Amino acid sequence: MALPRIIVAGRIPDAGLDALRPHGNVWGWKHDNPIEIDELYERIDGADAVLTLLTTKVDRSFLDAAGSQLKVVSNVAVGYNNIDVAECRQRGVIATNTPGVLTEATADIAMALILMVTRRLGEGERIIRSKQPWQWGMFMLLGTGLQGRRLGIVGMGAIGQALARRATAFGMTVAYTNRSAVTPEIEAELGAERLDLDELLATSDVVTVNCPYSSETHHLIGAEQFELMRSTAFLVNTARGPIVDEAALVEALRSGAIAGAGLDVYEHEPMLEPGLNDLDNAVLIPHLGSATVETRAAMATLAARNTVAVLSGQPALTPIT
Ligand code: GLV
């Protein structure tokens, strides 16, 4: 029997490729820049499995280009808003993602952004790098301490909970909003209080976005929500850009409706809303949530294991349900 044809649509760590090779004919894109769509569609024609990155759009055209023999699309990401899951389901294609393995790394980045924006570390770094003379000053770049402040977590899944653990170690109290309550044990462990979104926004010192992106969470945080937030509060987004109305965010940062923002993701990634770049109260990093050597290897390996499981007739380890 012919070996399955496995296409890896973006460059992934060797651990992932090594886990795939014994199970099929593997072709992988080897460059950091994304594959052109025409070449991608040519490569996936006739594939049994495709591993995708969060920048790979898996829609009707992609699925048409692959053909009806396609069995599995394994996203090397936990977020899967790049995949038309309903369309995959209709065509009998299993779609999988990589939950769990990037929880700690992403929570680290959220905590790092909280520290960066509240302590004005980006501004400080820009002073040093400007090579202008500077000296220690009693009132230089005064920030906001975290002890006793409330963290409001929008989306209390695994990453939200991992962030809550970090924040409590920094002396913060935790509130959260989520479709359903976390277990009483977790609430007790984290001292976390469930609030509705409006109350959370109105009472938190730092609001973090940790929910998945979908049509329901599109612009969940916009002009009205910034109005509810304290003028001393900060917003941190490590989930997906379009959950926040970025134009409204720029306005809120400019007008002082909120004190600052730390962003790892952008509404029109990799483009930024005009003006965002010029704001000193915004800390801006380029989608690094899961960017550690260990985590990216674990993501690639999990995606490969999902692929191999489906190709060998087993259930996927982490299917998108
Ligand atoms: C990263 O953003 C991911 O969804 O894995």
Side-chain angles (χ1 to χ4, degrees), residues 8-13 15-16 19 29 32-34 50-59 62 72-85 88 94-114 153-163 166 178 208-218 220-221 235-244 246 261-272 283-307 316-321:
V8 185
R11 185 171 168 224
I12 64 168
W29 179 247
D32 280 325
N33 60 312
V50 186
L51 282 80
T52 52
L53 305 187
L54 60 86
T55 46
T56 319
K57 207 168 165 52
V58 181
D59 54 9
F62 176 103
V72 56
V73 170
S74 302
N75 215 29
V76 191
V78 67
Y80 51 83
N81 53 296
N82 57 310
I83 299 179
D84 184 338
V85 178
C88 286
I94 308 281
T96 70
N97 66 340
T98 60
V101 294
L102 47 70
T103 300
E104 304 301 330
T106 309
D108 284 346
I109 281 285
M111 196 66 225
L113 281 173
I114 293 173
I153 297 178
V154 179
M156 194 63 152
I159 297 170
Q161 291 171 35
L163 174 60
R166 285 156 177 75
N178 202 53
T208 60
V209 179
N210 300 101
C211 59
Y213 176 59
S214 68
S215 52
E216 281 154 46
T217 59
H218 180 77
L220 185 67
I221 311 286
L235 179 82
V236 167
N237 186 5
T238 54
R240 284 291 184 268
I243 301 170
V244 175
E246 204 167 289
L263 304 177
D264 188 37
V265 288
Y266 302 88
E267 183 164 0
H268 303 291
E269 211 166 297
M271 306 298 288
L272 266 63
V283 174
L284 308 171
I285 58 171
H287 205 147
L288 299 176
S290 63
T292 70
V293 172
E294 305 82 351
T295 301
R296 290 281 162 84
M299 290 165 70
T301 304
L302 177 53
R305 291 177 66 208
N306 273 315
T307 303
L317 285 87
T318 51
I320 298 167
T321 49

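First listed ligand is number 1; within each ligand, the first listed atom is number 1. All of these numbers come straight from a predicted model, not from anything done at the bench.
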Asker: What protein heavy atom sits nearest atom 5 (O) of ligand 1, and how far off is it?
Answerer: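 Ranked first by proximity to atom 5 (O) of ligand 1 is V78 N, 2.8 Å.
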Asker: Strictly by modelled atom types, are S74 and T307 linked by a side-chain donor-acceptor pair under 3.5 Å?
Answerer: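 Yes - a donor-acceptor pair under 3.5 Å links their side chains.
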Asker: For the 3.5 Å polar cut-off, considering only N or O atoms, please tell me whether G79 and ligand 1 meet it.
Answerer: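 Indeed, backbone or side chain, G79 has an N or O that close.
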Asker: Carefully, step by step, assess T318 and N306 under the rule side chain to side chain donor-acceptor pair (under 3.5 Å).
Answerer: CA-CA 7 Å; T318 51; N306 273 315; 2.8 Å; yes
Asker: What do you reckon, does H287 have a nitrogen or oxygen under 3.5 Å from a nitrogen or oxygen of ligand 1?
Answerer: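 Such a contact does occur with ligand 1.
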Asker: Mark up the atoms of ligand 1 that fall under 4.0 Å of a heavy atom belonging to R240, in ascending order.
Answerer: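 Matching atoms, with element in brackets: 1 (C), 2 (O), 3 (C), 4 (O).
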Asker: Using only atom types and a distance under 3.5 Å, with no angle test, would you say the side chain of T301 pairs donor to acceptor with the backbone of A297?
Answerer: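 Checking the backbone N and O of A297 against the side chain of T301, a donor-acceptor pair under 3.5 Å is found.
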Asker: For R11, look at atom CZ and say whether over 12 heavy atoms of other residues, nucleotides or ligands are found less than 6.0 Å away.
Answerer: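 No, not enclosed.
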Asker: Have S214 and E216 got a donor and an acceptor in their side chains that come within less than 3.5 Å?
Answerer: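 Result is no, nothing qualifies.
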Asker: Just heavy atoms, cut-off under 4.0 Å: does L102 contact ligand 1 by side chain, backbone, both, or neither?
Answerer: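 Just the side chain.
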Asker: Where does T98 meet ligand 1, judged by heavy-atom distances below 4.0 Å: at the side chain, the backbone, both, or neither?
Answerer: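 The answer is neither; T98 stays 4.0 Å or more away.
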